[in-house]
Amino acid sequence: MFQTLTERLSTTLKRVTGKSKLTEDNIRGTLKEVRIALIEADVALSVVKTFINEVRKRAIGSEVKRSLNPGQMFVKIVNDELVNMMGEYNETLNLNTQPPAIILMAGLQGVGKTTTVAKLGLFLKENHKKSVMVVSTDVYRPAAIKQLEMLTNETPLHFFPSSSDQKPVDIASDAIHYAKINHYDTVIIDTAGRLHVDEAMMDEIKVIHKTVNPAETLFIVDAMTGQDAANTAKAFNDALPLTGVILTKADGDARGGAALSVRKITGKPIKFIGVGEKTDALEAFHPERMASRILGMGDILSLIEVAEKAFDKKKTDHLIKKFKKGKSFNFDDFRSQIQQMKKMGNMGNLLDKLPGVGSFGQMAKAAQQHMSDSLFDQMEAIINSMTPKERQEPDVISSSRKRRIAAGSGTQVQDVGRLLKQLKQMSKVMKKVNSKGPMKFMQGFQGMKNMMNGNGNMSAMSSSDKKKKMLS
Ligand code: GDP
Ligand code: MG
């Protein structure tokens with residue numbers, strides 16, 4: 001769900017991260033992208049407008065917090081506004097009434113009402129220890145009543161039978177009467193839907209509503225319907241005093257506009273989301289979690305920070321320039337590569353989740369899988385024990401210097417010798433880096449990794465690593 005929106009926002013938001021201050025000017029382009037992202041996500045236009053205005057207002061007037069750079073601040077504002085738009089916190093069902101508490105389901109045909117009746121019944125049974133009775137008033141399709149019966153077949157829910165020659169409002173009354181006598185805590189009433197909002201349907205459900213006086217009147221809406229969801233929501237909200245919304249098929253939607261629009265347009269909270277066809281696929285709706293999902297993942301602020309640090313473009317560009325001039329790869333370069341790879345390795349999993357850096361993340365993960373941190377640490381320690389001259393011109397490293405470096409870094413002379421060899425091999429790999437830019441550079445990385453791993457080449461490992469490998 002929400003993939004498109006996520007991807008767009010993440011590219012967009014990266015653009016403001018370098019800015020020193022949020023101004024009308026430098027956020028204009030980004031706001032435009034956010035607007036397109038929301039429209040593409042099928043958010044209702046009126047909602048998009050309100051959202052953009054609100055973000056603009058808050059961004060320009062905002063004191064940038066010390067701990068955040070302006071880009072991060074902007075992300076935070078977008079995040080807060082998303083949460084705000086979706087209702088701040090989860091609202092549960094309010095069933096505090098003289099039992100049985102009635103729940104009336106409303107919505108178009110095919111959105112998932114019948115399925116959700118069973119899901120909700122089970123939810124109340126399992127989480128709130130309620131005894132639940134369900135009944136269908138969908139007399140237009142005989143199969144609809146049967147469908148509910150089948151769904152509740154192997155559940156602890158009580159199915160109250162009805163038939164297609166009865167009047168919907170009579171079925172509802174009978175069911176409630178039966179539930180009262182038999183002391184059911186809750187009755188969930190399924191209703192018939194239509195393909196489009198029509199008067200006959202609205203009239204029928206209005207009559208049922210008046211007759212049963214429900215504690216909860218829930219509007220069921222298909223998350224995949226985006227913009228349409230907003231229009232239907234408005235129609236139902238005008239006809240019935242809705243108390244909440246259930247957003248179904250949240251597992252399959254790639255746009256996510258419905259979640260953003262429905263709350264804003266109806267003013268009614270989304271209480272649950274349906275996340276699958278099975279009867280246990282129902283989750284409480286949490287606006288702040290949904291906002292995080294829309295923006296990419298949990299802690300987007302810290303992620304942006306790590307990503308910026310790890311991919312040090314300046315250093316990379318510097319190296320590429322240097323190679324283009326025909327200079328060779330020395331230990332200063334080597335160390336900076338090791339440091340970058342270490343950072344990337346640690347971040348592999350995190351980066352993976354940040355949209356737009358997928359391949360980068362994968363590479364980082366590969367780096368982590370292939371190379372142990374301790375090996376990196378050892379290499380770095382050896383380089384740190386060299387003099388600046390030795391780093392810049394490795395050819396000066398004689399046997400006596402090797403001994404000194406080994407002693408200084410707590411390694412063996414062979415370890416130092418091996419690192420020197422690796423530097424030579426890496427020089428060759430890195431020389432392949434040419435004007436084709438960072439992609440080629442990344443391939444250089446790959447070559448470096450392969451070479452160090454030596455495809456199982458044990459000589460490239462310290463003796464303790466060898467032992468570890470043998471034991472594993
Ligand atoms: P109704 O006409 O509103 O009663 O809709 P149904 O309950 O008959 O559901 C229509 C279709 O949507 C069925 O195939 C359900 O299995 C499917 N469905 C319902 N809720 C969900 C959901 O949350 N996720 C997915 N993937 N499918 C759902
Ligand atoms: Mg149905």
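All residue numbers in this chain count up from 1 along the given sequence. Counting starts at 1 for both ligands and their atoms, in listed order.
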Side-chain donor/acceptor of Lys130 to backbone N/O of Thr186, under 3.5 Å: no
Please state which part of Asp138 comes within less than 4.0 Å of ligand 1, counting heavy atoms only: side chain, backbone, both or neither. neither
Considering only the protein, which heavy-atom contact is closest to atom 17 (C) of ligand 1, and what is its distance? Lys249 CE, 4.0 Å
shortest atom 26 (N) of ligand 1-to-protein heavy-atom contact is with Asp251 OD2, 2.8 Å
If you scan protein heavy atoms around atom 22 (C) of ligand 1, the nearest is Gly276 O, 3.1 Å
Using a cut-off of strictly less than 2.8 Å, determine whether Gln109 has an N/O/S atom near the Mg ion (ligand 2). no
My understanding is that we take every heavy atom of each candidate and find the minimum distance to atom 3 (O) of ligand 1. Doing that for Arg141, Lys113, Lys278, which one comes out nearest? Lys113
Donor-acceptor contact below 3.5 Å, side chain Thr191 vs main chain Met105: yes
May I ask whether Gly110 has any heavy atom positioned less than 4.0 angstrom from an atom of ligand 1? yes
Does the Lys119 side chain pair with the main chain of Gly276, one donor and one acceptor, at a distance under 3.5 Å? yes
Which ligand 1 atoms, with their elements, are less than 4.0 angstrom from a heavy-atom of Val275? 23 (O)
Using heavy atoms and a threshold below 4.0 Å, how should the contact between Thr115 and ligand 1 be classified: side chain, backbone, both, or neither? both
Consider only side-chain N and O atoms of Asp222 and Thr248, and report whether a donor and an acceptor are under 3.5 Å apart. no
Looking only at protein heavy atoms, which one is nearest to atom 27 (N) of ligand 1, and what is the separation? Glu277 CG, 3.4 Å
Mode of Lys119 contact toward ligand 1 - side chain, backbone, both, neither (heavy atoms, under 4.0 Å): side chain
Heavy-atom nearest neighbour in the protein, as seen from atom 4 (O) of ligand 1, with distance rounded to 0.1 Å: Thr114 OG1, 2.7 Å
Does Ala281 have a non-hydrogen atom less than 4.0 Å from ligand 1? no
Pick one: which of Asp138, Ile188, Val134, Leu157 meets side chain to side chain contact (heavy atoms under 4.5 Å, CB included) with Leu148? Val134
Closest non-hydrogen protein atom to atom 5 (O) of ligand 1, residue and atom name please, with distance? Gly112 N, 2.9 Å
Start with the C-alpha distance between Phe285 and Ile246, add both sets of side-chain angles, then the distance that settles side-chain contact (heavy atoms from CB on, under 4.5 Å), and finish with yes or no. CA-CA 9 Å; Phe285 176 78; Ile246 297 181; over 6 Å; no
Donor-acceptor contact below 3.5 Å, side chain Thr152 vs main chain Glu149: yes
Can you tell me if Leu108 has a non-hydrogen atom under 4.0 Å from ligand 1? yes
Mind telling me whether His158 and Tyr184 have parallel, tilted or perpendicular rings, with 30° and 60° as the class edges? parallel
Determine whether a donor-acceptor pair (N or O, by modelled atom type, separation under 3.5 Å) exists between the side chain of Gln166 and the backbone of Ser163. yes
Checking Thr137 side chain against Asp190 main chain: does a donor-acceptor pair fall under 3.5 Å? yes
Taking only non-hydrogen atoms of Gly274 and a 4.0 Å limit, the atoms of ligand 1 in range are 23 (O)
Nearest non-hydrogen protein atom to atom 8 (O) of ligand 1, with distance, is Gln147 NE2, 2.9 Å
Polar side-chain atom of Lys268 near backbone of Ala233 as donor-acceptor pair, under 3.5 Å: no
